Amino acid sequence: MIRLGYACIRLDSPNNPNKKTTVAQLQKLSPEARLKKLRQVLQTNFFNLMDIFAYNVENRIFLYRLPSEFVPLATHRITEDWDWAKEFTWDFDKAGAYMKKHRIRLTSHPGHYSILNTDNPNVLKSTIADFSYHARVFDLMGLDDNSVLVTHVGGVYNDKEASLQRFAEHFELLPENVKRRLVVENDDTSFSMIDVLTLCEQIGIPMVLDVHHHDCLNNGEDLYEYIPRILDTWGTRTPKFHFSSPKCESDFRSHADHIDPERFMEWVSRLSDYSFDVMLECKNKDDALLTLRREMKKAGFSPEGL
DNA sequence: TCGTGTCAAGATCTT
DNA sequence: AAGATCTTGACACGA
């Protein structure tokens with residue numbers, strides 16, 4: 001069984017669950033008006049989330065990434081007096097129940113400013129706070145540990161090996177509810193598939209293989225040789241991959257608007273023995289997913305789930 | 001209504 | 001040491 005998903009927003013909808021406000025805007029308001037504004041944004045995001053879930057189910061899409069901004073400025077000081085978890089208990093329950101009923105897998109990708117292997121204590125603190133926020137949202141929705149938080153290793157700081165080990169050390173400082181959800185993805189400039197696989201095996205957490213990043217950064221390793229080891233890191237959980245297509249030869253690292261169906265079908269057919277989820281990362285979001293499906297169908301390619 | 005500056009945040013490269 | 005870049009969409013404001 002192979003399931004496809006997309007990240008955060010529907011291409012043609014203005015009603016995505018990523019509405020936000022700014023600190024500057026909130027600072028102009030009285031404490032009461034500030035709370036009102038924050039509540040209004042989160043309520044809108046919940047409404048839009050339920051809407052996008054319904055759209056996804058209609059289109060048999062059961063993997064979806066929650067925008068990090070879902071709770072506006074959740075980790076910023078300006079919202080520290082706002083008990084959003086308590087105020088929105090009903091909405092969290094409702095979203096969780098809907099996902100359980102329809103078997104939707106929700107995941108998240110904390111922003112690139114959250115870096116667990118940082119050597120700066122303040123950055124470490126804000127990173128732990130950010131990861132904790134993401135985990136808390138999933139906890140409040142009652143989601144199981146297939147709802148993972150995907151992060152990268154982080155910076156190199158002129159010493160790759162030491163930076164990998166600092167990730168492992170800092171991982172031990174995380175609260176339990178973050179540890180049970182955190183997974184690491186290989187990136188396209190610093191930490192390769194081998195680096196991340198070794199790290200994940202050492203810590204005992206799952207690895208997300210990003211196929212495009214591997215194409216950007218590798219030492220000639222054959223991806224398919226490592227698939228069994230990567231899948232093993234997931235234990236009883238459902239493995240998850242990231243897939244995207246290069247924009248062009250001259251700008252290879254950038255994501256194309258769509259997924260190249262030939263490359264995708266070739267990759268999937270090499271993994272036909274396995275069950276897993278694939279997050280498609282490209283500008284055209286849900287449209288790219290539905291287009292890819294049509295192209296595969298046209299080519300007579302239809303593994304279970306797709 | 002439309003165009004534009006700004007946004008919570010870090011690492012790394014450039015000057 | 002300071003500034004630009006990465007990447008990137010959407011908010012908020014002023015024309």
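Values below: every heavy atom of this structure, side chains too, minus hydrogens, waters and symmetry copies. The chains referred to below are lettered A, B, ... by the order of the sequence lines, with proteins before strands, and numbering in each begins at 1. Since this is a predicted model, take the numbers as computed values, not measurements.
Of the candidate nucleotides dA8(B), dA10(C), dG10(B), dA8(B) has the atom lying nearest to any side-chain atom of Thr22(A). When distances are taken from the side chain of His76(A) to each of dA10(C), dA12(C), dA8(B), the shortest belongs to dA8(B). The listed nucleotides are dG9(C), dC7(B), dA11(B); the one nearest the side chain of Asn18(A) is dG9(C). The Ile9(A) side chain lies nearest to dA10(C) when the options are dT12(B), dA8(B), dA10(C). Of the candidates dA9(B), dA11(B), dC13(C), the closest approach to any side-chain atom of Gln25(A) belongs to dC13(C). Side chain of Lys283(A), nearest nucleotide from dG9(C), dT12(B), dA11(B): dG9(C).
Taking atom CZ of residue Phe70(A) and atom P of nucleotide dA10(C), one finds them 16 Å apart after rounding to whole Å. Computed from coordinates, the Asn122(A) CG to dA8(B) C1' distance equals 14 Å when rounded to whole Å. Following rounding to the nearest Å, Arg65(A) (CZ) and dG9(C) (C1') show an atom-to-atom distance of 15 Å. Atom NE2 of His152(A) is separated from atom C1' of dG10(B) by 14 Å (rounded to the nearest Å). Atom CG of Leu124(A) is separated from atom P of dG10(B) by 13 Å (rounded to the nearest Å). In this structure, NZ of Lys19(A) is placed 11 Å from P of dA12(C), rounded to the nearest angstrom. The separation between His112(A) atom NE2 and dC7(B) atom P is 16 Å, rounded to whole Å. Residue His212(A) contributes atom NE2, which lies 10 Å from atom P of dT7(C) at whole-angstrom precision.
Within residues 26-49 of chain A, no residue is approached by DNA chain B to less than 4.0 Å at the level of any non-hydrogen atom.
Annotation: cation-pi geometry not satisfied between Arg39(A) and Trp84(A) (NZ/CZ under 6.0 angstrom from ring centroid, within 45° of ring axis). Taking the ring centre of Tyr224(A) as origin, the terminal cationic atom of Arg270(A) falls inside the region bounded by 6.0 Å and 45° from the ring axis. Figure legend: Arg136(A) and Phe131(A) shown without cation-pi pairing, the cationic atom not lying both under 6.0 angstrom from the six-membered ring centre and within 45 degrees of its axis.
Between Arg34(A) and Leu26(A), the shortest heavy-atom distance links the atoms NE-O, 3.1 Å. Summarising the geometry of Asn146(A) relative to Arg105(A), their closest heavy-atom pair is O-NE, 2.7 Å, with the distance given to 0.1 Å.
Using P as the reference atom, dG5(B) and dT5(C) are 15 Å apart when rounded to the nearest Å. Separation of the P atoms belonging to dT7(C) and dT14(B) is 14 Å when rounded to the nearest angstrom. With P as the reference atom, dC2(B) and dT8(C) are 26 Å apart, rounded to whole Å.
For dA9(B), the OP1/OP2 oxygens have no side-chain nitrogen or oxygen of Ser114(A) closer than 4.0 Å. The side chain of Lys20(A) contributes no N or O atom lying less than 4.0 Å from OP1 or OP2 of dC7(B). Close to dA11(B), at under 4.0 Å from its OP1 or OP2, lies a side-chain N or O of Tyr157(A).
Side-chain polar atoms of Tyr55(A) and Asp286(A) form a donor-acceptor pair below 3.5 angstrom. Using a 3.5 Å distance cut-off with no hydrogens or angles, the side chains of His242(A) and Lys240(A) do pair a donor with an acceptor. Side chain to side chain, Ser192(A) and His214(A) fail the donor-acceptor criterion of an N or O pair below 3.5 Å. Under 3.5 Å, the side chains of Glu185(A) and His109(A) contain a donor-acceptor pair of N or O atoms. One side chain, Tyr6(A) or Asn56(A), offers a donor N or O that lies under 3.5 Å from an acceptor on the other. Counted by atom type alone, His152(A) and Asp187(A) present zero donor-acceptor pairs between their side chains at under 3.5 Å.
Here Gly111(A) lies out of heavy-atom contact (under 4.0 Å) with every strand. Looking at heavy-atom distances under 4.0 Å, Ser126(A) makes no contact with the nucleic acid at all. Residue contacts shown for Thr75(A) include a base, since a base heavy atom lies under 4.0 Å away.
Listed by first residue number, the stems of DNA chain C with at least three Watson-Crick or G-U pairs below 3.5 Å are B:1-7 with C:9-15, B:10-15 with C:1-6.
We find that the ring of Tyr113(A) and the base of dG10(B) do not stack by the test of centres under 5.5 angstrom and planes tilted less than 30°.
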